[in-house]
Structure formats: C-alpha cells, structure tokens
Amino acid sequence: MVSAQPAPPVAQTPPAPPTPAAPASEEAPPATVSTPSTDAATPLTEQEVAPALPPKARVAEKPVETIVRRERYNIAVLQALDKVTAETLRFEARVGQPVRWKGLIFTVSACERSAPNEPIADSIVYLKIDSQPRPQPGRPSPPSREAFKGWMFAASPGLNPLQHASYDAWAISCRTNAPPIPVAATAVRPPASRAPAAIPAVPAVVTAPAASPAPTAAPAPVTTPPDPTPPAP
C-alpha cells in the first residue's frame, strides 16, 4: 500500500541572477606625443590653374521713351453740308466761341494735331454740335437738341460722324492765329479813368458767312438782222 502512493512534488530552486562583469581597466595615455612632420607645399603650374570665368554680360538698359504731347491750336476749320439743298460751306470756329450755320450750332472745345511719333498725321477736333432751328420773329426760340459731342478726325471722317437727317459736318484741320504785326512804339498819353468792360457770362453765337452764289454768265446781246427790202423811191 505504501509503494502505490505517488511521490511528493520536488520544489524547484530559482536560478541565480547573473554576476555583472568587472569594468575593463582604462589604458593610460602615452607619456610623449609625436609631432606630425610638415612638408613644404609644391607650387602649381599654369596648366593646373583653371582660368577665371568671364564676367556676365550686362543687359543694356532700355531707354525711357519721352512722351511727346500733341500740339494744340485755337482755331478749327470745319465743313458742313445741307443734305436738302446740297449747299456746302467751309468755315472757321474759334475754341470756346459758338458758331451757327443754318440749324446747327458748333462749339469747339479743343483742336489738336497728331504728335511726330504717331503713325498718321491727323487733325483732331473735340466739338459739340447742337441742332436748333432759327428763331422766327414773334415766336419763342425753340429748344436746342444735342446732335453730336466727341472727337472728329480729319483723316477719318467716317470714324465718328455726325448723325443728322438734314445736315452733315466734318473736321478739316487746325490752325493758330496769325502773329500780330509789330508796330513802332510811340509815346501815348494814358487815357482818363475808364470803367472796365463787362465780361459776358455766355459767349455770343457767331453766324457763319453764307455761301456766295456761283457767278452766272451774262446773256449775249440780241442783234436785229437788217431788212433786205430796199426803201421805196
């Protein structure tokens, strides 16, 4: 009966921890340190030296373009056409002075000529055209209606034309006043006190001269042929 019983379990012993290794002993530095030998640098030859790079080419600065302004004039030469009567007239209009021709009133604000650096030589006129019939005696003046306002080009009359049922107008050129004739200076006695002339607020309207009629040929003289019948004795 004793031999049939199981044997008691054997107690296991845990392994012992590893023992740390002893640090290695540091080696002492040598007592004397050897000095490195210095060799003399050998000079380089011209073949071994690379040539220096050439300097970068400087970009030429772009010249600043001078702004050339258009020359202005104080008189504009205009031409108008009456589509009903086929009458045409070329006249002058001073800057700021309204000019009437039939049912149109022209007011020029500026008149210029193209600058020398422009590709096309041209005359440019800035004007305003009002349509207003002539006032009839005993009747109030009819109101004016703006028919055109803007720039007109003499070289291109169809670029910005006047749109009117009865009239047509376009710019011709610009010009300036003739220089005054020099007069010899003479001693002039100053006049007595004179009141300054009043300046009108609105410039008066100047009427353009009417077109002169074409000259007609004089009628040929009528000659009576002689009577072939001899007089009675």
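At distances below 3.5 Å, at least one donor-acceptor pair connects side-chain atoms of Lys83 with backbone N or O atoms of His164. A donor-acceptor pair is defined here as one N or O able to donate and one able to accept, closer than 3.5 Å; no such pair exists between the side chain of Ser144 and the backbone of Asp130. With hydrogens and angles ignored, the 3.5 Å screen pairs a side-chain donor or acceptor of Arg100 with a backbone N or O of Gln132.
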- Task: Might you work through the side chain to side chain contact (heavy atoms under 4.5 Å, CB included) test for Leu78 and Phe91, ending with a clear yes or no?
- Result: CA-CA 6 Å; Leu78 308 175; Phe91 59 95; 4.0 Å; yes

- Take Leu162 and Met152 through the side chain to side chain contact (heavy atoms under 4.5 Å, CB included) test and state the conclusion after the steps. CA-CA 9 Å; Leu162 168 66; Met152 279 191 175; 4.1 Å; yes

- Message: Between Ser123 and Glu112, is the side chain to side chain donor-acceptor pair (under 3.5 Å) condition met? List the steps.
- Response: CA-CA 6 Å; Ser123 296; Glu112 302 177 349; over 6 Å; no

- Tell me, with the steps shown, if Leu89 and Gln79 meet side chain to side chain contact (heavy atoms under 4.5 Å, CB included). CA-CA 6 Å; Leu89 177 67; Gln79 188 163 343; over 6 Å; no

- Task: Test Lys149 against Ile129 for side chain to side chain contact (heavy atoms under 4.5 Å, CB included), laying out the working first.
- Result: CA-CA 6 Å; Lys149 185 177 182 181; Ile129 303 176; over 6 Å; no

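Connection of Tyr167 to Phe106 is established within a shared hydrophobic cluster, with ILVMFWY side chains joined at heavy-atom distances below 4.5 Å, either directly or through further cluster members. Placement of Val125 and Tyr73 in two distinct hydrophobic clusters is found when ILVMFWY residues are connected by side-chain heavy-atom separations under 4.5 Å, directly or transitively. By the rule that hydrophobic residues join a cluster once side-chain heavy atoms approach within less than 4.5 Å of another member, Tyr126 and Phe153 end up as members of one cluster.
Surrounding CZ of Arg134 are more than 12 heavy atoms belonging to other residues, nucleotides or ligands, all under 6.0 Å away.
Note on Asp122 versus Arg113: no salt bridge recorded, every NZ/NE/NH1/NH2 to OD/OE distance being 4.0 Å or above.
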